[in-house]
Structures are given as structure tokens and as C-alpha cells.
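Chain identifiers are assigned alphabetically (A, B, ...) following the order of the sequence lines, protein sequences preceding nucleic acid strands; residue numbering begins at 1 within each chain. A quick note: this is a predicted structure, and the numbers were derived from the prediction, not measured.
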Amino acid sequence: MIIELKNLEKINIYAFQNDLISWFKQEQRDLPWRKNQDPYKIWVSEIMLQQTRVDTVIPYFNRFIEWFPTIEDLAKAEEDKVLKAWEGLGYYSRVRNLQSAVQEVSEKYNGEVPNTPEEIAGLKGVGPYTAGAILSIAYGIPEPAVDGNVMRVISRVLSIWDDIAKSSSRKIFEKAVRQLISHDDPSSFNQALMELGALICTPTSPACLLCPVRDHCQAFDEGVQNELPIKTKKTKTRDVQLAAAILLDENKKVLIHKRPSTGLLANLWEFPNVEIHHPLQEDREQISESFQSLLDVNIKLERIIGQIQHTFSHLVWNIMVYSGTINSSFQESEEWKLVSFEEMKEFAFPVSSQKMIKLFHEYQME
DNA sequence: AAGTCGGGGCC
DNA sequence: GGCCCAGACTT
């Protein structure tokens, strides 16, 4: 906490703000959430952008706003449709929290996104970054919005050597931004820091020769811009073996299952699957029995149609994919349904399931 | 403080 | 293959 305060004194704050904001106004990308300052749209964009690249978000954002143009539209929507709008984007709890928070805004705040740090940070899924982003961008309130870009940029500008992977580090950067932020235009200031991080002050090989704040940058001055930020690597993934089955009844309907409301891929749909704890010891007979214990009608595994590997942040699924049949006397429920391939398009599936659908269609071509 | 939670793009 | 990305939440 001492070092960066000392380095802050080396900065001409007004010149820094001016150089940064002027550059931003010239060079900023034309993004769909920058067309106005609707707090709801800013909010949606910030949730989507968490751990997700701008280019990935753009089409999702446009469709989401088409489907749910206002807070009230999202508040009253079916959760299945909300998840469908998020299908393929990942971190699905983001959108379930968003809908929950939007419902709270509808009921508790008369449909108006609150504009105080305490109220907005109390909303589900709105952490320190998102709170600051909405307050500054939608309401022009000078609050820091410290994301990965901002930590990288500020660590270089102020030559801060704390490990940005540690959760305690964020406070250091928030404190620095509070000193640096423009009170005339907090929105442009915060967005400019992030835009600079995305376009110029990139993780590897930053484009310092094009940087509008190079003259203020202590890392550049010291020649250590490629050493910063300090970020320790995270733990590696673990492997999980699964067997999954695409089971068709006599009417060519497929059995699908809704995942539990908590944990990985919560409330998304999937094909029935079981974990294989001892891959070398379990034969097809045992796997078949494992499937059978999920259901109370006879199923039959016909053959293996392929194998899929799917990587998450913290684990890897290795899935042996079977095709098979199920008796159509099967009793459907809230979490087990028989659907046609056409009807299946209305349900939200994780990408791993979409890979299996593709596999199945390829197998049918043969 | 460390784990959980997705998926894709880039090197 | 590993790293990163406009992070938040749980334990």
C-alpha cells in the first residue's frame, strides 16, 4: 500500500486523465452497448462481459436485448428461455443471478436500477467490478471498476508488483483508481482504462509505441512493461470419465434430462449420463446397469458412436457416447422428457451436449 | 485464500 | 498445451 502511493505522486493526474480520455474518444470501438446509457443494457453487457471477450458477447447481447428489451421483460420471462438466450456463453449462473436481481429491482426499486454503491452491490451477481461499471458508465458516478484490464494497465502505469491473481490485490488497484479517476467523466475514464487494456496495453507484447499514456507509464520508463503484471498461475484441471447415451423411443424421440438447480451447468438440459469411476474395470454391462438405475423403464445401449472431450475451467470431461433405445411407455416428468430433434432446439444445452448431437447426426449419415 | 463455475481464441 | 478473457460466489 506504500509503494503505489509513492508512485502515484509521480503522475500528473490531470494530464493522465486527459491523454487517456482523449484517446478513448478518438479510438473507442463502436459497440452495441455504447449506443446509450440505459442502465439495464449496461448491466446486461457487464454481466455478459465477465470473463468473456467482446467479440463473443456482441451477438449474444443483441439477441438478448431483442428477446428481453426491458427489465420487466426479463423479470417475467421463463427461466428456460433466459438460459436459451445464454446457451453457449458459459458461466450460466450469471444469467440466473441476473434475472433474479432484475426481479428484485422490479419489485423493490420500482423497476429502476439503483444508483448507490450499497444498493447496487447488494444485487445478486453484482460484485465490486460490475457495481463500479454500472455506477460510472450508466450514472456518471466516480467509482472504480477494476477488472483484469484495469489491473494490468495500472500495474504497469504505477509499477505495482503485487500478484493480481490474489483476491486481496483488487483493493490496491481500487485505491489507485480512486486517486486517478476523472470526476468530470468517470464513464469515459473507466471505459478508457479497459479499452486501453484490450487494444494497446495487452497481456503479451503491449503496443507501447501507440500508447496514449506512455509518457505517464512507470513500467515503460523502467523498461519492465513485459514483466508486469505479476500473475501466478492457477491449479490445473482434473479428469472425469463419463458415459452418456442418446436414447430414442419408437417415435424417434430423444430422452433428455434437466440438470440440478445448483452446481455445474445448473438447470441446463443434457443427455442421460453416468460417471465412470474405474474406466478399466467397468464393462458395458456395468455401464448399462448404471444407466438403468437412473430410470424405471428398460433401456438398451446399442453401440458406441464416438468419444468426446470437453474442457471446463477446472475439469475435463471424457465422454463415451452411446446410442440406444428406450421404451416409449417411459413416464415423463419435470426433469425427464422425450422430445423430437426439432423440439430439442427449444431447450438450452451445454456445448458438450451439442457436440454429442453433432456426433449422432454424423453417425446417422453412415 | 482457494475452489467452483464455460467456452473460445490465440500463441 | 497453456494462457487469457469488462468476475462473482462459496467454503
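Whole-Å rounding puts the E195(A) CD to dA6(C) C1' distance at 10 Å. Straight-line distance from the CZ atom of F24(A) to the C1' atom of dA6(C): 12 Å, rounded to whole Å.
Spacing between dC5(B) and dG1(C) at atom P, rounded to whole Å, works out to 23 Å. As rounded to the nearest Å, dA1(B) and dC5(C) have C1' atoms that lie 22 Å from one another. Going from the C1' atom of dG8(B) to that of dC9(C) covers 23 Å, rounded to whole Å. For the C1' atom pair drawn from dC3(C) and dG6(B), the interatomic distance equals 15 Å after rounding to whole Å.
The six-membered or imidazole ring of F349(A) lies near that of F271(A), with a centre-to-centre distance under 6.0 Å.
Between S168(A) and dA1(B), a side-chain N or O to OP1/OP2 separation shorter than 4.0 Å is present. Residue H310(A) has a polar side-chain atom (N or O) positioned under 4.0 Å from OP1 or OP2 of dG7(B). When the side-chain nitrogen and oxygen atoms of K124(A) are compared with OP1 and OP2 of dG7(C), none of them lie within a distance under 4.0 Å. Remark: Y92(A) is in phosphate contact with dG7(B), judged by side-chain N or O atoms under 4.0 Å from OP1 or OP2. Contact annotation: R152(A) side-chain N/O to dC5(C) OP1/OP2 distance is under 4.0 Å. Side-chain N/O atoms of H314(A) include none lying less than 4.0 angstrom from OP1 or OP2 on dT4(B).
Here the nucleotide nearest the side chain of L265(A), chosen from dG6(B), dC5(C), dA6(C), is dG6(B). Distances from the side chain of K231(A) to the nucleotides dC5(C), dA1(B), dG6(B) place dC5(C) closest. For Q50(A), the side-chain atoms get nearest to dA8(C) when compared with the rest of dC5(B), dA8(C), dA6(C). Picking from dA8(C), dG7(B), dG7(C) the nucleotide with the shortest atom distance to the side chain of F312(A) gives dG7(B). For P350(A), taking side-chain heavy atoms from C-beta onward, the closest of the listed nucleotides dG7(B), dG6(B), dC4(C) is dG7(B).
In this pair, W317(A) and H310(A) present their aromatic rings tilted. The plane angle is within the 30 to 60° band. Using the six-membered ring where Trp is involved, F341(A) and F360(A) have ring planes that are parallel, under 30° apart on the 30 and 60° scheme.
Taking only distance into account, the side chain of T130(A) never meets the base of dG7(C) through a donor-acceptor pair shorter than 3.5 Å. T52(A) contributes no side-chain N or O that forms a donor-acceptor pair with the base of dG7(B) under 3.5 Å. For R53(A) against dC4(C), a side-chain-to-base donor-acceptor contact under 3.5 Å is present.
If you check every strand for non-hydrogen atoms under 4.0 Å, R259(A) touches nothing. Counting any heavy atom pair closer than 4.0 Å across all strands shown, V150(A) reaches no nucleic acid atom.
Place Q51(A) and K166(A) on DNA chain B by their nearest nucleotides, and K166(A) ends up nearer the 5' end.
Under the 3.5 Å distance criterion, with hydrogens and angles disregarded, no donor-acceptor pair is assigned to the side chains of E46(A) and T130(A). Counting only N and O atoms by type, the side chains of S136(A) and N190(A) include a donor and acceptor under 3.5 Å apart.
By the 4.5 Å heavy-atom criterion applied to side chains, S155(A) and F173(A) are counted as neighbours.
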